[in-house]
Each structure stands twice: as structure tokens, then as C-alpha cells.
Amino acid sequence: MHAGKHPATTTPADPGHQFGKPSEGLRARLYTVIFEADTRAGRIFDLALIVAILASVAVVVLDSVQAVSSRHGDVLGVLEWFFTLLFTVEYLARLYCVRRPLRYATSFFGAIDFLSVLPTYLAMMMPGAHVLLDVRILRLLRIFRILKLTSYVEEYGMLTRALLASRRKILIFLSVVMMVVLLLGTVMYVVEGPGNGFTSIPTSVYWAITAITTVGFGDIVPKTDIGRAISSIMMLLGWGILAVPTGIISSEMTMQSRLFRLTTTRTCPECLSEGHEADAKFCKDCGTPLPAYQRDR
């Protein structure tokens, strides 16, 4: 996960291990505010940043509406620069307060933080009418800011771990679905033929996907009785198929909730490791006695 604050897991990938917490001074205090959640200042920082992320995404969305942009374009431009500068300061502060800034910068959420501010600066450095289309495309990258929210909600981490743990089962499930789609699509190509819109096997497979997912765009429909019977079976089969990945992921999430007990960002004073459980009395890595855990109110 990103070095944003969330109840850490008991794995070696804790933020304190991955990016390095300074032992003292301004950088250590800044690290506590930015990366640790179990302090009043840290929770206020998290809340303010979440509000800023949502507001900045709202500005991007409103700016894409022609009627709003034409009337309030100047205000939206000022707000865009405000959020860009705010997230730039936040990004630089994160780099400053960790002992391994390059590792943070090259992490997934470090890249997301960088992408959230890059387009505005690129648009400023690429003036001229001939690049307006490129700038418009770059502006779409600002929507990456919404991904920053995943740093501040532990349930995102639980869902990620559940998906990773069940990836082989999901892969097998998808491969079975693809085989069914390919076989039934080929059958429909033979049964219906080009005269009814099934002009090729890829086109028939496309229809089979829309049928088995119960989407049914309606641009291709079976005309024969046999074809309609097959499509009815596929649509009923689709309802059953949709429940399979839900059950797999739900099972893994239940397992994750049992394995990952409530942990905190409390730091060991000796080795600076994080991710200790709320009732832990000794460091899980070096055995040093831990300070009593008291969540700020």
C-alpha cells in the first residue's frame, strides 16, 4: 500500500520498513502527521486531504461541462491551480520526511501522487493551438487524484488483499467462461449464419459475451428458434456465473478479516517498525517494550 495512513498489517511491507521513518527532528514530526493515523493531527490531515481530493476531482468534472466551463472557467482555473499547488506541497513533504524518498517516489501511490499534479504543469509548458488536443488529454490524468483516496481507507487494502489471494481462482473461472463463450459463439455462427448478422466467429463470440453477461446490446439478435433457445440458456447461465466471483472474493475477504487483526501505526522506539496490534506490549520485530497505546480523542 501507499505510505498514506491506514491500519498497517503485520507484514514486512509496513510503511516504516518500506520508506523509512526518521528518528528525530522536524522530519520525524512531519512523518508522524503525514504517515501515522493514530494521532489527532494525523486524522485531521487525513480528513483535510480527503476533502481536497474530492473537491479537486469535482473541479475537473465541472470543467469538462461546456456550460459550466464557459461561465466559470476563470474560477475553475484558479481552483485547479490551488489544488495542484496543494498536492505538490504534499508530495514534496512526503519525499522530505522519509529516509528513502526514491523508493516512495517509485511506489504505486507515489506515482499516483506525481500523476495528480503533472498535467497542470505540462499544460503550462506546452502552449499553442496545435497542442490543445494533447493538453486536453493530459487534463484527464487529473482524475488519478481519486485513487489517492485508497490510501486512507483500510477496507481498500482488505479488498486488494482478497483479490490477490483469490487471483488464481478468478483466473480459472474466467478461463472457463471464455471457453463457454467461444464454444457457444461458434455454435451460434453455425446455427444463425451471416444472414442473421453472425458474419464471423469473432462477431458471434462478441454476441455470446453480451448474452452471457445479460447486457444484450441488441445490434445482433438470433432469428431462428434454435438460436433463441441457445441465447435463453446463455442468459440464464449468466445469472449463475455472476455469483461465482462474488462468492470467491467474499470468502477471501472473510479470511482476511480474521487474519488481519486491528493494527496501528504505533512505532517501536528501538527499530522504528510499525504495524503493532493495539494490545501489543512488545515489538513484533525486536522485542522492545512498546509505549502504551492510547488513541487520541
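If you're wondering where the values come from, they're calculated on a predicted model, not measured in any experiment.
- Taking the six-membered ring where tryptophan is involved, the planes of Phe114 and Tyr91 are tilted, since the angle between them lies from 30° to 60°.
- To the nearest 0.5 angstrom, Leu86 atom CG is 12.0 Å from Leu79 atom CG.
- Proximity of Phe83 to Val117: side-chain heavy atoms (C-beta onward) are nowhere separated by under 4.5 Å.
- With rounding to the nearest 0.5 angstrom, the CG atom of Leu184 is 8.5 Å from the CD1 atom of Ile233.
- Under the 4.5 Å side-chain heavy-atom criterion for ILVMFWY residues, a single connected hydrophobic cluster contains both Leu26 and Val98.
- In this structure, the side chain of Ser231 engages the main chain of Arg228 through a donor-acceptor pair within 3.5 Å.
- The number of heavy atoms from other shown groups lying within 6.0 Å of CD1 (Ile226) does not exceed 12.
- Taken to the nearest 0.5 Å, the CD1 atom of Ile172 stands 11.5 Å off from the CD1 atom of Ile170.
- From Tyr31, atom OH reaches atom CZ of Arg94 across 10.5 Å, with rounding to the nearest 0.5 Å.
- Note that CE of Met188 and OG1 of Thr224 are 6.0 Å apart. Values are rounded to the nearest 0.5 Å.
- Clustering ILVMFWY residues whenever any of their side-chain heavy atoms sit less than 4.5 angstrom apart, transitively, puts Leu95 in a cluster other than the one holding Val89.
- Looking at Tyr189 and Val205, their side chains never come closer than 4.5 Å, going by heavy atoms from C-beta outward.
- Although no hydrogens or angles enter the test, the distance criterion places a donor-acceptor pair under 3.5 Å between the side chain of Thr84 and the main chain of Glu80.
- Between Trp207 and Phe198, the ring planes lie perpendicular to each other; the angle is over 60°, past the 30° to 60° tilted range.
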### Message
Please determine whether side chain to side chain contact (heavy atoms under 4.5 Å, CB included) holds for the pair Asp113 and Phe87, giving the CA-CA distance in whole Å, both sets of side-chain angles, and the decisive distance to 0.1 Å.
### Response
CA-CA 8 Å; Asp113 290 343; Phe87 292 136; over 6 Å; no
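- Considering every non-hydrogen atom in both Gly197 and Thr203, the closest pair reads O-CG2, 3.8 Å.
- With a 4.5 Å cut-off on side-chain heavy atoms, Leu76 and Val68 count as touching.
- At a threshold of 4.5 Å between non-hydrogen side-chain atoms, the residues Ile34 and Cys97 count as touching.
- No path of Ile, Leu, Val, Met, Phe, Trp and Tyr side chains, each step under 4.5 Å between heavy atoms, connects Val60 with Val78, placing them in separate hydrophobic clusters.
- Tyr206 and Met235 end up in different hydrophobic clusters when Ile, Leu, Val, Met, Phe, Trp and Tyr side chains are linked at under 4.5 Å.
- Sorted by first and then second residue, the salt bridge (Lys or Arg N to Asp or Glu O under 4.0 Å) pairs with a member in residues 169-194 read Lys169-Glu252; sequence neighbours excluded.
- Cluster membership check: Leu118 shares its hydrophobic cluster with Trp81, using side-chain heavy-atom separations under 4.5 Å among Ile, Leu, Val, Met, Phe, Trp and Tyr.
- Taking the side chain as every heavy atom from C-beta outward, Leu183 and Val187 never approach each other to under 4.5 Å.
- Residue Leu49 holds its CG atom at 13.5 Å from CD1 of Ile44, rounded to the nearest 0.5 Å.
- Summarising the geometry of Ser204 relative to Gly185, their closest heavy-atom pair is CB-O, 3.0 Å, with the distance given to 0.1 Å.
- Residues Ser70 and Gln66 have side chains that never bring a donor and an acceptor to within less than 3.5 angstrom of each other.
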